[in-house]
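Everything below concerns the one structure shown next.
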Amino acid sequence: MEVAKVIIDQNSHHTDRPFDYKIPGELREAVKVGSRVQVTFGKGHKKMEGYVLGVKDIEKPRYTIKNLQGVVQNVPPLSELQIDMILWMKKTYLCTYMEAISAVAPPKAYGNIKEKKDVYVRRKISSEKLESQLEKTPNNAKRQREILQYFLEEEELLLKSLPGIKSLYKNAVNALEKKGILEVIEKEKASKLLSMKSPSNPPRVPLTTEQKKALETMKEGFQQTQQNGVKGKTYLLHGVTGSGKTELYLGLIEKALEMGKTAIVLVPEISLTPQTMERFTARFGEAIALIHSSLTLKERYHEWEKIQQGKAKIVIGARSAIFANLENLGMIVVDEEHEYTYKSEQNPKYHAIEIAKYRSEKEGAQVILGSATPSVESYYRGEKGIYELISLDRRVTKHQLPQVEMVDMREELDVGNLSMISGSLKSQIEENLKNRGQTILFLNRRGFSTFLSCKKCGYVEKCQDCDITMTYHLPSDELICHYCGKKKKPITECPDCGSTTIKHFGYGTQKLEKNIENLFPQARILRMDVDTTTEKGAHEKVLNAFKNREADILIGTQMISKGLDFPGVTLVGIIAADSILNLPDFRASERTFQLLTQVAGRAGRGEDLGSVVLQTYKPEHYSIEEAIKQDYVGFYKREIGLREAFEYPPFTALYLVNLMGEDEDKVYNTAIKISKGIRYILKNEGHSDCLEECILGPNPSVITKINKNYRYRILLKNINIDKQLLKKVLKYVCINKRKQFVPDEVNLSIDFNPYSII
DNA sequence: AGCACGCCGACT
DNA sequence: GTCGGCGTGCTC
Ligand SMILES: [Zn+2]
Ligand SMILES: [Zn+2]
């Protein structure tokens with residue numbers, strides 16, 4: 001008897017296995033492998049849905065088998081390639097079937113999508129007439145006058161983008177509507193990114209010799225792959241800012257399309273701007289589908305439909321676009337490949353590059369990883385020949401770099417300045433305010449990690465085994481290494497210089513905002529960090545306000561780096577380069593280098609080149625030195641040595657096991673039980689020698705408590721042990737025997753190749 | 001997860 | 001006696 005193996009769409013590890021269902025005669029035609037089907041499930045015969053992941057023959061069943069109830073309409077069945085990928089993801093990321101399916105399958109359309117409408121205000125008369133109207137408007141109608149000012153330049157504005165409280169401007173708008181000057185209209189929400197979609201065949205800028213050579217090499221590789229039908233090659237395109245990487249992407253996509261292939265272009269969510277879109281649409285027009293969070297549900301569904309129906313030849317989007325089920329996939333471009341947003345934060349915790357390489361292997365697509373500051377892992381693979389490394393060293397455009405001034409904060413102490421703003425930065429902000437230029441100030445998140453540092457010489461206490469900054473914990477007054485759990489008494493005297501000026505670092509954007517407010521009471525200040533930007537779109541709002549010059553100073557964490565491209569910005573201040581450098585994470589140096597390189601390498605705008613003030617207690621650190629020199633390879637050479645010495649990626653693979661729950665004892669005991677279980681099995685397998693280095697923890701996570709939930713984690717590293725064996729043991733304990741190790745109140749999730757261990 | 005079954009305490 | 005508390009176990 002032929003039965004369908006169905007994965008029930010229920011988010012639970014208890015039911016994470018295929019269940020058999022009979023296929024009734026009338027459904028034989030409609031049900032395919034990959035179909036979304038209706039079933040009854042459990043003792044209550046609850047109506048549920050699920051996916052058919054396969055069919056099999058059963059001789060005589062040892063249990064009663066229910067019938068499939070039907071096929072869900074309007075959900076395209078998963079393709080064979082998609083099902084293979086789901087199975088591979090489950091194995092690789094140790095997630096559930098449904099988690100893998102949710103990642104791979106396009107988002108479901110929920111019935112009729114009800115879209116909220118946006119309310120706009122539009123000018124009904126010409127701007128000249130408006131001017132005379134403005135004169136006629138009495139002075140006491142302050143609100144009305146203010147609103148009319150806006151419409152001198154704009155024809156149409158979002159109602160809620162008008163200044164003031166809703167009730168205040170609503171009255172004024174109503175009055176103006178009665179006068180026939182303005183009108184209020186409703187429009188369906190629409191993403192700005194979708195507005196331009198016709199090819200305009202802009203004049204092509206001729207490529208430089210360097211670009212030509214790079215393009216030819218990659219095109220040849222593509223041709224070879226297509227002819228020999230082998231798995232696709234991966235290229236690492238390392239090019240400084242302004243070296244013309246995008247132009248090469250366009251050339252490669254063109255080549256792929258010529259050969260009847262399709263392409264995926266991944267761009268970090270935040271840099272997917274109308275300008276970026278325009279580069280692509282100008283060349284390829286309607287053949288593009290866009291996947292981006294600014295899309296409304298309806299738009300999103302429409303774009304996926306376009307992919308499904310084969311109308312799209314190119315898909316541009318953020319992380320999840322890597323799953324676009326294009327046929328004849330030939331080219332995958334990952335721009336800014338070092339960006340952490342390519343790593344999923346939900347289960348399965350995949351990295352888009354991992355999926356790209358998988359598809360490259362299965363579908364024969366070529367992968368292009370582009371970056372000015374590649375991740376250390378990628379560059380290492382480029383050097384080892386696993387990727388083909390192509391470097392673009394010349395800037396295409398005349399590109400003036402800003403003035404970078406480094407301020408040694410240790411000297412500020414000598415002159416009696418104890419604040420977080422150096423004299424130099426203070427005077428530069430003053431100057432910039434006077435000249436009506438905008439300022440961006442970077443600072444890392446607070447509370448995240450507090451560390452101890454000598455203010456005189458910059459010494460920071462690190463774990464001797466892990467080379468990781470030790471984190472200060474207040475309740476116990478101890479320094480703790482979050483990797484291995486080693487503890488230490490806090491230092492009161494610097495072991496390097498003997499000074500007793502030991503300072504706790506860990507201030508955040510809020511405190512800085514207060515500081516700046518006090519220093520420059522007349523300045524308009526915006527702040528953007530995790531706390532202020534929880535609601536969706538809040539991010540964009542703050543950035544847009546800053547772009548429109550509604551503020552003079554923008555304070556924030558790394559997430560404001562998009563603001564670097566705003567033309568009004570003429571001063572960038574890095575308050576404490578050390579706050580990233582001293583994060584308790586193996587990627588701290590890399591992240592510092594990437595941010596500083598980006599800031600120091602930003603294009604000067606127009607006449608004013610702008611300037612950068614970089615404050616640090618450790619000016620001699622290689623991340624800082626090489627970033628100022630804009631020397632990636634110099635940085636890489638220093639960093640890779642340390643990664644090898646302390647056995648971090650790319651020299652080891654990491655697995656992070658996260659345990660979470662409201663009962664701290666239960667969470668801790670579970671963590672202990674799991675680590676003991678893994679140790680026990682490894683010992684029996686004859687690996688007692690590597691237990692100490694392989695299994696670190698359990699330790700409390702750096703953020704020990706989120707939302708009433710206590711968090712512990714175990715870190716696994718493959719030192720002196722086969723990666724596969726370590727993973728097998730991990731899977732055995734955490735997945736196969738989960739019931740014995742993990743109670744239901746404790747949440748477990750596994751992160752393979754974590755981006756950071758914070 | 002979500003539901004049924006079942007085995008004890010306190011309530012008409 | 002029996003109503004309902006939640007601990008236990010199963011779902012094709
Ligand atoms: Zn010192
Ligand atoms: Zn350590």
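Letters go in sequence order (proteins before strands), and every chain restarts at 1. As the structure is a computational prediction, the values presented were derived from the model and not from experiment.
- The interatomic distance linking A:N11 (CG) with B:dA1 (P) rounds to 8 Å, in whole Å.
- Among A:Y755, A:F323, A:W88, the single residue meeting the ring-ring contact (aromatic ring centres under 6.0 Å, His included) criterion with A:Y350 is A:F323.
- How far CZ of A:R591 is from CZ of A:F586: 10.5 Å, rounded to the nearest 0.5 Å.
- Phosphate contact (OP1/OP2 of C:dC12, side-chain N/O of A:Y21, threshold under 4.0 Å): present.
- Taking the charged nitrogens against the carboxylate oxygens, A:R36 and A:E49 do have a contact shorter than 4.0 Å, which makes a salt bridge.
- Following rounding to the nearest Å, A:L53 (CG) and C:dC12 (P) show an atom-to-atom distance of 17 Å.
- No side-chain donor-acceptor contact under 3.5 Å links A:E363 and A:Y358.
- Remark: C1' of B:dA1 and NZ of A:K47 are 20 Å apart, rounded to the nearest angstrom.
- Residue A:F19 places its side chain closer to C:dC12 than to any other of B:dG2, C:dC12, B:dA1.
- The pair A:D722-A:K727 does not count as a salt bridge, with every side-chain nitrogen at least 4.0 angstrom from each carboxylate oxygen.
- Straight-line distance from the CG atom of A:D744 to the P atom of B:dG2: 13 Å, rounded to whole Å.
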Restricting to nitrogen or oxygen on both sides, can you table the protein-nucleotides 3-9 of chain C pairs closer than 3.5 Å?
none

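- The distance between atom CD1 of A:I58 and atom C1' of C:dC12, rounded to the nearest whole Å, is 8 Å.
- Residue A:Y63 places its side chain closer to C:dC12 than to any other of C:dT11, C:dC12, B:dC3.
- A side chain to side chain contact (heavy atoms under 4.5 Å, CB included) with A:V267 is found for exactly one of A:L272, A:T341, A:V334, namely A:L272.
- Taking atom CZ on A:F41 and atom C1' on B:dG2, their separation rounds to 9 Å, with Å as the unit.
- Expressed to the nearest 0.5 Å, how far CG of A:N67 lies from CD1 of A:I23 amounts to 10.0 Å.
- Rounding to whole angstrom units, CD of residue A:Q69 and P of C:dC12 are separated by 11 Å.
- If you take CZ of A:R17 and P of B:dA1, they are 15 Å apart, rounded to a whole angstrom.
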